> 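So that we are looking at the same thing, I have put the structure below in structure tokens.
Order of listing sets the numbers, starting from 1, for every ligand and every atom in it. The shown structure was predicted, so the numbers you read here are calculated from the model rather than taken from an experiment. For the single chain, residues carry numbers from 1 onward in sequence order. Any value given below was found using the heavy atoms of this structure, including those in side chains, with hydrogens, waters and symmetry copies removed.
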Amino acid sequence: MKLLKIAIQKSGRLSEKSLELIKECDIKITEGKRRLIGVSNDYPLELLYLRDDDIPQYVADGVADIGIVGENEVMEKNKNVKLVQRLGFATCRLSLAIPQDAEYNGLQWFNGKRIATSYPGILKKFLKENNISMTIEEISGSVEIAPSIGLADCIFDIVSSGSTLVSNRLKEVEVVTKSEAVIISSPKLDAEKQKLLDGLLFRIKTVQQSIGNKYILLNAPNKRLDDIFRILPGMKSPTVLPLHLEGWSSVHSVVNEKEFWGIIDKLKECGAEGILVIPIEKMIL
Ligand code: PRT
Ligand code: ZN
């Protein structure tokens with residue numbers, strides 16, 4: 001049987017979440033004989049631990065069948081790969097930032113300036129689309145210190161909380177694009193590997209669907225059930241079971257964390273009692 005080869009980041013911001021996602025899909029990874037490869041007994045999966053910059057190339061070449069990588073690297077490397085699933089973690093943006101004390105008057109500010117970045121590909125495309133000409137200084141790390149050491153006037157870099165910019169006396173003035181972790185696949189997987197990928201994607205979607213959702217159980221007087229059904233969103237419609245106590249029922253449903261605090265008081269007003277909220281591990285719709 002064939003193994004689906006998945007490239008994940010060896011160590012960095014994506015590593016832990018990538019492994020966690022695989023674990024949540026009930027795939028346990030045991031260290032392979034070679035340090036850079038992990039194998040699983042639960043699913044025909046082989047892990048290749050790589051630097052994130054190299055993942056698009058390895059997937060395009062078919063050395064790995066699929067990969068988990070930041071969308072920014074996919075855009076930058078511009079290789080022949082397919083984006084098959086967004087994962088919602090490692091979210092960030094790629095932005096233009098200038099010194100805090102500079103007066104910003106729109107995109108024309110950048111014309112003729114020197115800019116430091118690790119993402120020249122994405123930047124060049126943006127500059128061309130906006131008809132701006134700049135000198136690009138390509139550097140591989142600590143881009144944010146470039147203006148203070150006189151290497152550039154401004155930067156184009158990844159921003160998440162924005163605190164790195166602030167501590168380097170820079171301000172974000174334009175968001176060029178957004179990024180999150182994604183799964184990419186090689187453009188030509190054979191039927192067997194495609195089936196393995198589809199199976200894995202199904203598991204991932206099942207895990208993602210459960211995120212933030214809770215199972216809710218409550219007891220309510222029968223005469224208030226219609227009011228309670230109007231408040232509870234539920235997947236299709238809530239389950240109702242009679243209680244031993246005459247005139248009362250137990251209601252089961254699914255609510256999202258975000259909605260939970262908004263509906264709890266309303267449920268109590270409708271006479272709901274003994275409310276239990278339980279985590280959901282997997283959800284298949
Ligand atoms: O060794 P390897 O090449 O594999 O790793 P790496 O050092 O190139 O990448 P790594 O692990 O730092 O990041 C991997 C991916 O995480 C990136 O490609 C992005 O897709 C994503 N990501 C999400 C981030 C950030 N958030 C982030 N904040 N990558 C980098 N940063 C850096 C940014 O470069 C800047 O220096 O964090 C700083 C800004 O953070 P804030 O919170 O201060 O704004
Ligand atoms: Zn990297």
Side-chain angles (χ1 to χ4, degrees), residues 5-22 29 34-38 47-61 63-64 66-79 81-100 104 115-126 136-149 151-185 204 208 211:
K5 284 184 274 182
I6 176 168
I8 64 167
Q9 191 187 24
K10 185 167 180 270
S11 76
R13 284 168 210 264
L14 301 169
S15 320
E16 205 178 305
K17 284 271 173 113
S18 304
L19 282 172
E20 207 174 281
L21 180 72
I22 293 168
I29 302 299
R34 278 192 288 155
R35 211 165 50 85
L36 297 183
I37 295 179
L47 267 78
L48 309 176
Y49 301 102
L50 301 170
R51 282 200 58 193
D52 67 344
D53 315 52
D54 298 333
I55 292 177
Q57 175 81 58
Y58 277 88
V59 172
D61 291 348
V63 175
I66 62 171
I68 300 180
V69 67
E71 205 179 348
N72 50 306
E73 289 299 336
V74 183
M75 291 188 266
E76 179 62 26
K77 299 294 181 315
N78 201 16
K79 300 286 176 199
V81 295
K82 267 202 297 192
L83 195 162
V84 291
Q85 178 71 42
R86 298 184 168 276
L87 295 172
F89 61 85
T91 51
C92 56
R93 48 199 193 270
L94 281 96
S95 295
L96 293 164
I98 68 172
Q100 261 167 17
Y104 187 62
I115 187 162
T117 189
S118 312
Y119 295 94
I122 300 172
L123 178 61
K124 274 181 200 154
K125 189 164 167 271
F126 177 80
I136 298 177
E137 302 291 346
E138 187 180 340
I139 49 179
S140 58
S142 306
V143 170
E144 55 280 345
I145 64 161
S148 63
I149 59 169
L151 182 69
D153 304 306
C154 49
I155 65 165
F156 173 59
D157 198 12
I158 293 177
V159 182
S160 169
S161 66
S163 62
T164 304
L165 291 184
V166 172
S167 56
N168 285 282
R169 304 191 46 75
L170 296 168
K171 60 180 175 191
E172 184 180 10
V173 291
E174 303 281 347
V175 176
V176 170
T177 188
K178 292 192 172 155
S179 172
E180 66 186 279
V182 294
I183 298 188
I184 51 170
S185 98
I204 290 172
Q208 284 186 331
I211 293 173

> Counting heavy atoms only, which of Ser142, Ser11, Cys92 comes nearest to atom 26 (N) of ligand 1?
Cys92
> Have a look at Asp52 and say which of its N, O or S atoms is nearest the Zn ion (ligand 2).
OD1
> Ile155 and side chain to side chain contact (heavy atoms under 4.5 Å, CB included): which partner among Glu137, Glu144, Glu172?
Glu144
> For atom 9 (O) of ligand 1, what is the closest protein heavy atom, and at what distance to 0.1 Å?
Asp52 OD2, 3.4 Å
> For atom 36 (O) of ligand 1, what is the closest protein heavy atom, and at what distance to 0.1 Å?
Glu144 OE1, 3.4 Å
> Is Ile122 close to Phe156 at the side-chain level, that is, under 4.5 Å between some pair of heavy atoms?
yes
> Find the distance between OG (Ser118) and CD (Glu138) and round it off to the nearest 0.5 Å.
7.5 Å
> Students should be able to answer this: which protein heavy-atom is nearest to atom 1 (O) of ligand 1, and at what distance?
Arg51 NE, 3.6 Å
> At a threshold of 2.8 Å, where the distance has to be below it, does the Zn ion (ligand 2) have an N, O or S atom of Asp53 nearby?
yes
> Considering only heavy atoms of Gly70, which atoms of ligand 1 have at least one such atom less than 4.0 Å away?
20 (O)
> A side-chain contact here means heavy atoms from C-beta on lying under 4.5 Å apart; do Leu96 and Phe126 qualify?
yes
> Can you confirm whether more than 12 heavy atoms, excluding those of Lys171, are under 6.0 Å from its NZ atom?
yes
> Atoms of ligand 1 less than 4.0 Å from Gly12 heavy atoms?
11 (O)
> Do you know which of Lys125, Glu73, Glu76 makes side-chain hydrogen bond (donor to acceptor under 3.5 Å, both in side chains) with Tyr119?
Glu73
> Within ligand 1, which atoms have a heavy atom of Thr164 less than 4.0 Å away?
38 (C), 39 (C), 40 (O), 41 (P), 43 (O)
> Can you confirm whether some protein heavy atom lies under 4.0 Å from atom 7 (O) of ligand 1, or whether none does?
no
> Answer with side chain, backbone, both or neither: which part of Ser161 has a heavy atom less than 4.0 angstrom from an atom of ligand 1?
both
> Please write down residue, atom name and distance for the protein heavy atom closest to atom 33 (C) of ligand 1.
Ile158 O, 3.5 Å
> I want to check something: taking the side chain as every heavy atom from C-beta on, are Leu14 and Ile8 in contact at a cut-off of under 4.5 Å?
no
> Could you find the nearest protein heavy atom to atom 12 (O) of ligand 1 and give me its residue, atom name and distance?
Arg13 NE, 3.1 Å
> So which bit of Asp157 gets within less than 4.0 Å of ligand 1, heavy atoms only: side chain, backbone, both or neither?
side chain
> Polar-atom distance check: Asp53 versus ligand 1, any N or O pair below 3.5 Å?
yes
> Applying a 4.0 Å heavy-atom criterion (strictly less than), which segment of Asn72 is in contact with ligand 1: side chain, backbone, both, or neither?
side chain
> Residue-level breakdown please: for Gln9 versus ligand 1, do any non-hydrogen atoms fall below 4.0 Å on the side chain, on the backbone, on both, or on neither?
side chain
> Using the side chain to side chain contact (heavy atoms under 4.5 Å, CB included) rule, take Val159 and Val175 through it: C-alpha gap first, then chi angles, then the decisive distance, then the call.
CA-CA 9 Å; Val159 182; Val175 176; over 6 Å; no
> Show the numbers, then the answer: is there a side chain to side chain donor-acceptor pair (under 3.5 Å) between Asp61 and Gln57?
CA-CA 6 Å; Asp61 291 348; Gln57 175 81 58; 3.0 Å; yes
> Should Phe89 and Ser18 count as side-chain neighbours, where that means a heavy-atom distance under 4.5 Å?
yes
> Determine whether the side chain, the backbone, both or neither of Glu71 has a heavy atom under 4.0 Å from any heavy atom of ligand 1.
neither
> For a 4.5 angstrom cut-off between non-hydrogen side-chain atoms, does Thr164 reach Ile158?
no
> With atoms numbered from 1 as shown, which atoms in ligand 1 lie under 4.0 angstrom from a non-hydrogen atom of Val159?
44 (O)
> Output the list of atoms in ligand 1 that are nearer than 4.0 Å to some heavy atom of Gly162, sorted by atom number.
41 (P), 42 (O), 44 (O)
> Can you establish whether the number of heavy atoms outside Glu16 located under 6.0 Å from its atom CD is more than 12?
no
